[in-house]
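Some notes on the structure that comes next.
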Amino acid sequence: MKKASWVIMALVTVVFVVSWIAKSSSYNGETDNYIAQGFLVTFAAFLTLSIMSFLYKDNPFYKFAEHLFVGISAAFWMCMGFWSTIVGNLIPRLSSSLSEWFKVPYIESDYNIAFYVPVVLGILLLMRLSSKRGWLSRWPLAFIVGTTAGLNFIRYLRSDFIKQISATLVPLVVDWQGVGHFFSTFSLSASGQFVAIVTNWVVFLGVFCGLIYFFFSKEHTGAFGRASRVGIWVLMITFGASFGYTVMGRISLLVGRITFLFKDWLEIIG
Amino acid sequence: MTSLIASDHKYDDGDKIDLAWVPSIDDLPRDGLVTAYKIYRITNDGAPVEIAELTPGANSFRDEDRELDSTYSYYVATMSDGPTVESNRTAPMQTEREWLNLDRKFMFLVALILGGAIIYFIETARRGKKLFVRRIAGLEAVDEAIGRATEMGRPILFIPGIHDMDDVQTLAAITILGRVAGQVAEYETKIRMPVARSLVMTAARETIKAAYQTAGHPDAYSDEMVNYVTDEQFGYVAAVDGIMVREKPATVFLLGAFFAESLILAETGNSIGAIQIAGTARPAQLPFFIAACDFTLIGEELFAASAYLSGEPKQLGSLKGQDVGKMIAMIVILIGVLAVTLGDGWGIQVMADLANTLKMIFSGS
């Protein structure tokens, strides 16, 4: 490691220790475990800044935060899978002796022989670890994929197909009482007749041309190709609006971290 | 009012109860004394709860979203300027779930047509008939991107999203991986695939192994090409970002189900100068891929790409079957919009009836 790296490391260590002492002092009197509380807030700030340092370039602090995050989260999800799904949900519904052993309440009324199916499938899945019986792990995999496909077919057919068609059946002329009436009451108000007509045309053409864009059985040339281009324009405008909307959401997440740094850690803002 | 009858709604999911009654003799179209009918429900012998207030003339009501293991009793109060008159309470009853839910008959019909079209095209493809699928821009870049990585002597990074094998987007990504891995094996390029789900790791290893065997380089395959990182979304992102900046892959594939991590991954890939080919069916993440990646497979293009590259009869047939669905949708929308416009705007009764029929068929029930 270069000399400069050692200097930076030492500097960060000093800042960390000073922050720990300062935070612990500020929590003294508020809580009994003020030293631990001071450490946690300082460590959280250190990890936040370590992750943010990636914006400059890859560095040892980022690597430390990354490896810590990955290691802890992998272990956490494995523990959650075991204690929440197997011990928390399955065992109390299957075995009183195992429930007693794991010290979880046995729910006799929930006992159902069908719960052995996931047990068997789970064991088959673990057969992957065996070089000779590895092929058995394909059965639960096929079960998962097949079941999800079947369940999603109905859900998506309803929400993404049938309901979308029904929502597109809109009149292209709204509240029509003649040309004279249209011009005499012309208004750009959102609740006005003109805007309602334009909105319905946009819905109709947007959906229709969008469907053409996603039609794969015909080459997109000629009039079909032009309609397809209108479709992709509609999609791009929608994506643009969605981009701005989501970025605003992300900014609020950043504000959350900045607030933590300046309020909870540095206590600069009230 | 008299003769209140509560009966289980037949051929449903066991969640509806039909109420019917004979209206009060004071409920007249003109100068009637009845001002409203209030319907009360008693669940499991509990306290009565008012669930609806109906206008005079009403003689039936459907109580929805009921539960199978509860008992229900009802009475109707006839409101007028004078005293309120309550009907007799119906006997406590339970709903029943039937094997067939006829409320969804039209959905079944649509599913049958779509399923039939898909099966027909799968069988057609199996018989060896060539099914046409139009050119997809992003796919032509796949070969180019793999070639670039080979020339530069840098690895290819393949990210299959963060969902498990039960997500059809992950399945499509794994199918495309098969094709990519085949070329990687041929060109003797390196491939790196960090995953967020253990089942995806298993499937990806099998796919790459099969591709290497097909390419005649089984010895070049290593399980280390695919490694599990963590299930945690942002832990995974931190690790993949680290891999990107340290190993500097020449090509990055971001195909599958992505969420808030999409822009972080795509931006990091962009910052290291990698060619990026992305694809997802998550509408909220597509804008980020379009902004930061070189090629993006938008929504169904991801599945079309999977079918196109694999050439499997099942996938091609499914794609063609879905095209039939889109054709049906376009025809219905054209006819329906015309019918609604003429029916509502100009009062043409036949068109209004047609529009109502289409709306009923495509009501989602």
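Protein chains get the first letters and strands the later ones, always in sequence-line order, with residue 1 at the start of each.
- Using a 4.5 Å cut-off between heavy atoms, Leu338(B) does not touch chain A at all.
- Residue contact with chain A, scored on non-hydrogen atoms closer than 4.5 Å, is absent for Ile335(B).
- With a 4.5 Å cut-off on non-hydrogen atoms, Ile72(A) does not touch chain B at all.
- In terms of non-hydrogen atom pairs under 4.5 Å with chain B, the most contact-rich of Lys218(A), His220(A), Met236(A), Gln177(A) is His220(A).
- Only the side chain of Ile290(B) comes within contact range of chain A, with at least one heavy atom under 4.5 Å from a heavy atom of that chain.
- For a residue to count as touching a neighbouring chain, one of its non-hydrogen atoms must lie under 4.5 Å from one of that chain's; by this rule Phe234(B) touches chain A with backbone and side chain alike.
- Proximity to chain A (any heavy atom under 4.5 Å) is restricted, for Ala291(B), to the side chain, taken from C-beta onward.
- Ring geometry for Phe224(A) versus Phe215(A): interplanar angle over 60°, hence perpendicular rather than tilted (30 to 60°).
- Judged purely by atom type and a 3.5 angstrom limit, Lys248(B) has no side-chain atom pairing as donor or acceptor with the backbone of Gly273(B).
- The parts of Ile154(A) that come within reach of chain B are both its backbone and its side chain, each placing non-hydrogen atoms under 4.5 angstrom from that chain.
- Side chain of Thr296(B) to main chain of Ile298(B): no donor-acceptor pair is present (N/O by atom type, distance under 3.5 Å, no hydrogens or angles).
- Proximity to chain A is absent for every atom of Leu342(B), based on heavy atoms less than 4.5 angstrom apart.
- Of the two parts of Asp323(B), the backbone and the side chain both hold a non-hydrogen atom closer than 4.5 Å to a non-hydrogen atom of chain A.
- Here the side chain of Glu261(B) pairs no donor or acceptor atom with the backbone of Val237(B) at under 3.5 angstrom.
- The parts of Asp241(B) that come within reach of chain A are both its backbone and its side chain, each placing non-hydrogen atoms under 4.5 angstrom from that chain.
- Heavy-atom pairs under 4.5 Å with chain B peak, among Phe239(A), Tyr245(A), Trp176(A), at Phe239(A).
- Counting heavy-atom pairs closer than 4.5 Å to chain B, the top residue among His67(A), Arg138(A), Gln164(A) is Arg138(A).
- For Phe153(A), the part lying under 4.5 angstrom from a heavy atom of chain B is the side chain only.
- Gln322(B) does not touch chain A: none of its heavy atoms, backbone or side chain, sits under 4.5 Å away.
- Heavy atoms of Leu211(A) lying under 4.5 Å from chain B belong to its backbone as well as its side chain.
- With no hydrogens or angles considered, a side-chain donor-acceptor pair links Asp223(B) and Tyr221(B) at under 3.5 Å.
- A cation-pi arrangement is absent between Arg226(A) and Tyr213(A) under the rule of less than 6.0 angstrom and at most 45 degrees off the ring axis.
- Heavy-atom distances place the side chain of Val245(B), and not its backbone, under 4.5 Å from chain A.
- Both the backbone and the side chain of Phe243(A) have a heavy atom closer than 4.5 Å to some heavy atom of chain B.
- The side-chain heavy atoms of Val133(B) and Leu316(B), taken from C-beta on, include a pair separated by under 4.5 Å.
- Phe260(A) carries Arg257(A) over the face of its six-membered ring, with the cationic atom under 6.0 Å from the centre and within 45° of the normal.
- Residue contact with chain A, scored on non-hydrogen atoms closer than 4.5 Å, involves the side chain of Thr268(B) exclusively.
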